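Please read the structure below before turning to the comments.
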Amino acid sequence: MAKEITDRAENYSQWYLDIVKKAGLAENSAVRGCMVIKPTGFAIWEMMKDQLDQMFKDTGHVNAYFPLFIPKSFLSKEAEHVEGFAKECAVVTHHRLMNNPDGPGVVVDPDAKLEEELVVRPTSETIIWNTYKDWIKSYRDLPLLINQWANVVRWEIRTRPFLRTAEFLWQEGHTAHALKVEAVEEAKMIHEVYARFAEDYMAMPVIKGAKSANERFAGALETYTIEALMQDGKALQAGTSHFLGQNFAKAFDVKYLDNNNKEQYVWATSWGVSTRLIGALIMTHSDDDGLVIPPRLAPLQVVIIPIPKPNEMIMAEAEKIVTLLKAKGISVKIDKDKKKRPGFKFAEYEMKGVPIRIGIGKRDLEKGELEIARRDTKEKMNVPIEGIEDYIANLLEEIQANLLARAKAHRAEYTTEASTYEEFKDAIANKGGFVLAHWDGTTETELKIKEETTATLRCIPDDSPIEEGVCIYSGKPSKQKVIFAKAY
RNA sequence: AGGGGUGUAGCGCAGCCCGGUUAGCGCACUUGGUUUGGGACCAAGGGGUCGUAGGUUCGAAUCCUAUCACCCCUACCA
């Protein structure tokens, strides 16, 4: 038997890369730092996208599309924003190639230099707010609730499939509001949507909270984040929602007339999740046998394997089951390959993370049963064919719930409360996971802790109780515990 | 950015030190047969500008020079 995936215990990074590759999710491309998302991986993204898109629409948002290119001057209109992204921008300088006069191939035509260079968007606040300037004149134009599904480019030095790539797919919401309170509410509401999506669909528990000033989005007054804990004890920022104040309205001069005929600057939010969520999904649920996908995001929920291979009697029964399951809205296919042996197929679908496998053979049909195998626990059960559609529907829900429960238990196990700096250092260095500790609220302390332990302040949790305490590092007063961890 | 390493079939590698038949092995692929309830076996096939460019030589995957790409460690970034 070919063992194709590195064990997690042996080398977690290699395990992750093996899963991405062997499950057919993505592969490296000819372009450094950019991956090809293969059909299997893209199908998961489509499941995520469809669900999120529905959630955005249910909360009043509409989709639009803005240009890939941003004039260089736009980016520098908001000082903090450009500071945050300048070091990782791809820049377009010319618009034409020509035959190489000195040899084979083509070269950039020096006569085709652009008047103003264009930046490939690392995020779209600037081009969008430049557009909003023309769209917003009156309080009646507000709120403006727009989302865009797009690709962005951030020229990262070190890349990893899905987790950090030079180009990635995401959605970015950009909303404009008349009142500050409305914008803050919007940012918080989306924060809730992200958390709900993570838990209900990805079966991935997250901590909701606010970023410290140091970790905030470039140009934001407040960044709300959902933080997830991966199997190896490292944190992953899974989605952020920003209250941008009036920074972009002022930078792009976006004003509206209120109902007293007075000019006011607009209040803004932006928020996004990316294909990084696929990385999060992998590192939350998958195991040494391959990918594990929660049923609600699985492009294929059930696979039927004729044993030992398709024949007339088995296929007739399999087709009946397909019809029953499809009527329940369950996605299902029959593996009709006659060459591969059952054992090979079992391993193959486990690698790809299909939540439920149904085996049908002569032995089963004689007993009026089917062999049902669930991916999450790898249990196998013999179940009567009668009523199989309800059994499968329930089992999918049970798997979904089990994955969430399992991830929650893991997070609980890897969450430590530290009351001294010694305990803190010990937990970060030897145990990993989230470490709750009092913090004096200063960037100085945060940076010292990062320098000494490599742990970063993940968030100031929404539900952390207000209590009197002292900072584990400085001994200064603190009102609540915050979460530190080593992060991706 | 500094140090180290690797480029040979889709993937993983041997061959290089010490130049010399037609560049080889495993997996994968194609065809046929036997198999088939946890990653089958046998047989026959297909697939290579040996990263690229120059040089040395009668002759270069092998030696020399340059160059490009990738990986690891340290640093940086998140």
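What you see is a predicted model; the values in this text were computed from it and never measured. By convention in this document, chain letters (A, B, ...) are assigned in the order of the sequence lines, proteins followed by strands, and residues within each chain are numbered from 1.
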* Structure fact -> The answer to which of A:R276 and A:I360 contacts RNA chain B further toward the 5' end, by nearest nucleotide, is A:I360

* To do: Rounded to whole angstrom, note down the P distance from B:rG12 over to B:rG19.
  => 30 Å

* Quantified in whole Å, what is the P atom distance between nucleotide B:rG54 and nucleotide B:rU62? -> 14 Å

* To do: Taking atom P in both B:rA14 and B:rU57, compute the distance separating them and give it to the nearest angstrom.
  => 32 Å

* Same-atom distance (P) from B:rA40 to B:rC27, integer angstrom -> 13 Å

* Structure fact -> Quick note, A:K340 side chain, CB onward, closest among B:rC29, B:rG37, B:rG39 is B:rC29

* **Gap between atom CZ of A:R374 and atom CD of A:E398 - 0.5 Å precision** => 4.5 Å

* Atom NE2 of A:H285 and atom CD1 of A:I293: how far apart are they, to the nearest 0.5 Å? -> 10.0 Å

* Using only side-chain N and O atoms of A:R341, determine if any of them is under 4.0 Å from OP1 or OP2 of B:rG37. => yes

* Check if the side chain of A:K345 and the base of B:rG37 share a donor-acceptor pair of N or O atoms closer than 3.5 Å. => no

* To do: Check every strand shown and say whether A:R154 touches a base, only sugar-phosphate, or nothing at a heavy-atom separation below 4.0 Å.
  => nothing

* Between the side chains of A:T123 and A:R121, does any donor sit under 3.5 Å from an acceptor? -> no

* To do: Scan A:K380 against the nucleic acid and name what it touches under 4.0 Å (heavy atoms): base, sugar-phosphate only, or nothing.
  => base

* B:rU36, B:rG39, B:rG38: which one has an atom nearest the side-chain heavy atoms of A:E350? -> B:rG38

* Tell me yes or no: between the side chains of A:D440 and A:T442, is some donor less than 3.5 Å from an acceptor? => yes

